[in-house]
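Here is the structure we will look at.
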Amino acid sequence: MKIDRMRVFMTRDKDRPRVIVALDTDDGLTGWGECYNHGPDLALPPLLDYLYGFLAGQDPTRVEYLYNLMIQQCRFPPGALGLAAISGLDHCLWDLAAKAAGVPVYKLLGGEVRDRVKVYAGVYTAPDVPAARDELDRLNEQWGFKAFKLSPWRLEPNSHRWGEVVRASAEYFRELRETVDSSYEIAFDAHAKIFEPAMARQLGNALAPYDPLFFEEPLRPENIEMYGDLKQGLNCTLATGESLYHRNEFLRLLQVRGADIIQPDICVVGGISEMRRIATLAEAHFVSVAPHNPMGPLATAVNVHFSAAQQNFKILEYRLPVGQGYVYGGTEIDQREMEARYVVDPYLPKDGYLELRPDRPGWGVEMDEKAMLEEGYIHWQRKVPKRPDGSYAFA
C-alpha cells in the first residue's frame, strides 16, 4: 500500500472556513484530516502541496516515521500554519493505518482506557441569566450536557473601569450558580484579552468562590513564565494551551507550573502524533488534558480517538454540527440554525458523552465530498477591537 494522491478541500463549517485534506492510496483507501483555522487558510494548500512531496509513494502505516520526516525536514520550527498542515496530514496517516488494519484508530494507540468521552458544550457568550439558564437546560435536555463554557465578559473589558468589569463577572457567576441546576459544571474563557497578570488574577479570584470548572486562557501565550506567576496566586483551576504549538512550549508551561489543565489543539500541534507526546509530559506533571476543539465534526472525531486512549484526558470541548453559528463574546445567544455538512454521521452526544464506535475502522465517520464542493470556501478573519483611545486591543 502506497500513498499516491492528495486532495485538499476548501469548504465551510456553518459560517467558518475549513481546510480538509485527503490522502488516497493505490489500493483504494482514503485517510482524512482537518487543519486548524488560523484565518489565512488560503496559505495552507501550498504548504500541504510542499509536505505531500515527502509522503508521495510512502507506506502510510509508518505513521511515526512519516510524522518525524515532516517535522525534521523543517530547518526552523514550522510555526502555527506549518503545524496546522502537518496536523491534517498526520490525521490522514492514522486514519489510513487504522483502515488498513480494520480497526478504530484508538486501537492503534493502545486501546481504549474509557468507554465514552465526556464533552462540554461551548456557549461562548455571557447571556442574561434567564436566557443562560434556558440555553443550558435545553442542551441538557436534548443532549445530556452537564458541563458548559461561557464568556466571563458581561461588560466589554476595554471600555469600562476594570473593577467594574470584575464585579460584573463575579455577580454574573454568583447569579448563575443560584439559578441553574447545581450539578452543572461551568467554565469561563477569557480569550487571552488581558495583558497584566495581576488583572487576570483579580478576575479569576472573583470567579473562584462560585467554583468554575476552569478559568481559561486569560493572558496572551508569548511569555509562558507569566502563567507560572499567575497560577501561584490564583484560587481556581487554570486552563490554557490552545495557542501553544509544540511539546517544548508545553514543557515550559508545565515546568513553571503554569496550568492545572492544558488545552492543546489536535488540528494545530501536529496531530495525534504530537498530541500524545504533549499529554505524556502533562501526565508526568499531574496535569490533565482538555483538548481545545472549536473546529468541525472531523476534528471532533480525531479528538474522540485521542481522548479514548489517553489516561489523563479530562473533558473535550464540543460544538454541535447543527445549530448556532460561531459567536464569541457579547451577551446574546445566536439563534441561527446552521449546519456542517462534510461529515455524514458526526459524533453526537448522548447523556453528555460521545460513544465510541468499535465496529468502524479509522475515525469512524463518513465524509461527504459532494457537500464539501457544494458548500465552498467562506472568508473569515478575526475582528480586532479598539480601546477608547483608538489603540487596538487583543482579539
Side-chain angles (χ1 to χ4, degrees), residues 3 6-11 13 16-23 30-55 58 60 63-74 77-98 105-106 108-109 221 241-250 262-280 289 291-307 309-310 316-317 342-343 362-363 365 367:
I3 299 168
M6 180 183 73
R7 292 172 291 146
V8 178
F9 297 84
M10 305 295 289
T11 187
D13 165 12
R16 289 287 180 93
R18 294 286 176 254
V19 179
I20 306 297
V21 58
L23 290 180
T30 298
W32 293 93
E34 184 166 334
C35 302
Y36 189 74
N37 170 217
H38 289 287
D41 298 304
L42 295 175
L44 285 167
L47 286 171
L48 290 163
D49 285 341
Y50 175 77
L51 290 165
Y52 177 68
F54 298 94
L55 304 181
Q58 299 273 10
V63 179
E64 188 74 5
Y65 172 78
L66 295 175
Y67 171 74
N68 279 309
L69 175 60
M70 288 190 289
I71 290 290
Q72 292 174 13
Q73 61 82 29
C74 298
L81 287 170
L83 281 168
I86 290 172
S87 296
L89 293 168
D90 181 79
H91 300 168
C92 293
L93 295 173
W94 281 107
D95 194 24
L96 284 169
V105 171
Y106 63 76
L108 299 186
L109 303 178
E242 69 177 71
S243 300
L244 303 179
Y245 306 133
H246 194 266
R247 74 195 79 148
N248 294 323
E249 292 184 313
F250 281 94
I262 61 166
Q263 300 171 299
D265 192 302
I266 213 160
C267 293
V268 72
V269 297
I272 279 191
S273 295
E274 188 67 24
M275 193 87 156
R276 297 183 77 207
R277 290 167 163 86
I278 291 166
T280 299
V289 182
H292 180 245
N293 180 43
M295 303 293 290
L298 178 58
T300 292
V302 178
N303 271 297
V304 165
H305 290 260
F306 163 80
S307 304
Q310 188 61 43
L316 175 65
E317 182 173 9
Y342 57 87
V343 174
W363 301 131
V365 295
M367 302 296 291

Once salt bridge (Lys or Arg N to Asp or Glu O under 4.0 Å) is applied, do any residues pair with [X], and if so which ones, sequence neighbours excluded?
X	answer
R16	none
R276	none
E242	none

List the steps, then state whether side-chain contact (heavy atoms from CB on, under 4.5 Å) holds for M6 with L48.
-> CA-CA 9 Å; M6 180 183 73; L48 290 163; 3.9 Å; yes
Tell me the closest heavy-atom pair linking [X] and [Y], and the distance in Å.
X	Y	value
L81	A43	CD1-CB, 4.2 Å
P60	V63	O-CG2, 3.5 Å
P291	L316	CB-CD1, 3.8 Å
T280	Q310	N-NE2, 4.4 Å
I272	L109	CG2-CD2, 4.0 Å
H305	W363	NE2-O, 3.0 Å

Measuring only between side-chain heavy atoms, which start at C-beta, is [X] closer than 4.5 Å to [Y]?
X	Y	answer
I3	L93	yes
V105	F306	no
F250	R277	no
V268	H38	yes
Q73	L51	yes
L66	F54	no
E317	P294	yes

Under 3.5 Å, which donor-acceptor pairs do the side chains of residues 296-304 form with other protein atoms, sequence neighbours left out?
unit_1	atom_1	unit_2	atom_2	d
T300	OG1	N293	ND2	3.0
N303	ND2	N293	OD1	3.3
N303	ND2	A299	O	3.1

Taking only residues two or more places apart in sequence, or in another chain, which ones meet T30 in a side-chain contact (heavy atoms from CB on, under 4.5 Å)?
->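 side-chain contact (heavy atoms from CB on, under 4.5 Å) check on T30 returns R7, A22, D24, W32.
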Residues in side-chain contact (heavy atoms from CB on, under 4.5 Å) with S87, at least two apart?
->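 Counting only residues at least two positions away or on another chain, S87 forms a side-chain contact (heavy atoms from CB on, under 4.5 Å) with H91.
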Measure the SG-CD1 distance between C74 and I86 for me, rounded to the nearest 0.5 Å.
->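 Answer rounded to 0.5 Å: 4.5 Å.
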Spacing of L69 atom CG and L55 atom CG [to the nearest 0.5 Å] =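 Answer for the CG-CG pair, L69 versus L55, is 7.0 Å.
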Inter- and intrachain pairs under salt bridge (charged side-chain N to carboxylate O under 4.0 Å, His left out), touching residues 84-97, at least two apart |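 Every salt bridge (charged side-chain N to carboxylate O under 4.0 Å, His left out) pair that includes a residue of residues 84-97, provided the two are not neighbours, is D95-K99.
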With sequence neighbours excluded, give me every salt bridge (charged side-chain N to carboxylate O under 4.0 Å, His left out) pair touching residues 40-53.
->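 Sorted result for residues 40-53: empty, none.
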Could you tell me which residues satisfy side-chain hydrogen bond (donor to acceptor under 3.5 Å, both in side chains) with [X], sequence neighbours excluded, listed by chain and number?
X	value
Y52	none
D265	H292
Y245	none
Y65	none

Any chance you could lay out the side-chain contact (heavy atoms from CB on, under 4.5 Å) test for H246 and V269, step after step, and finish with the verdict?
-> CA-CA 6 Å; H246 194 266; V269 297; over 6 Å; no
Yes or no on side-chain contact (heavy atoms from CB on, under 4.5 Å) for W94 and S273, after CA distance, side-chain angles and deciding distance?
-> CA-CA 9 Å; W94 281 107; S273 295; 3.1 Å; yes
Report the C-alpha separation of N37 and V19 in whole Å, then their side-chain angles, then the decisive distance to 0.1 Å, and conclude whether the side-chain contact (heavy atoms from CB on, under 4.5 Å) test is met.
-> CA-CA 8 Å; N37 170 217; V19 179; over 6 Å; no
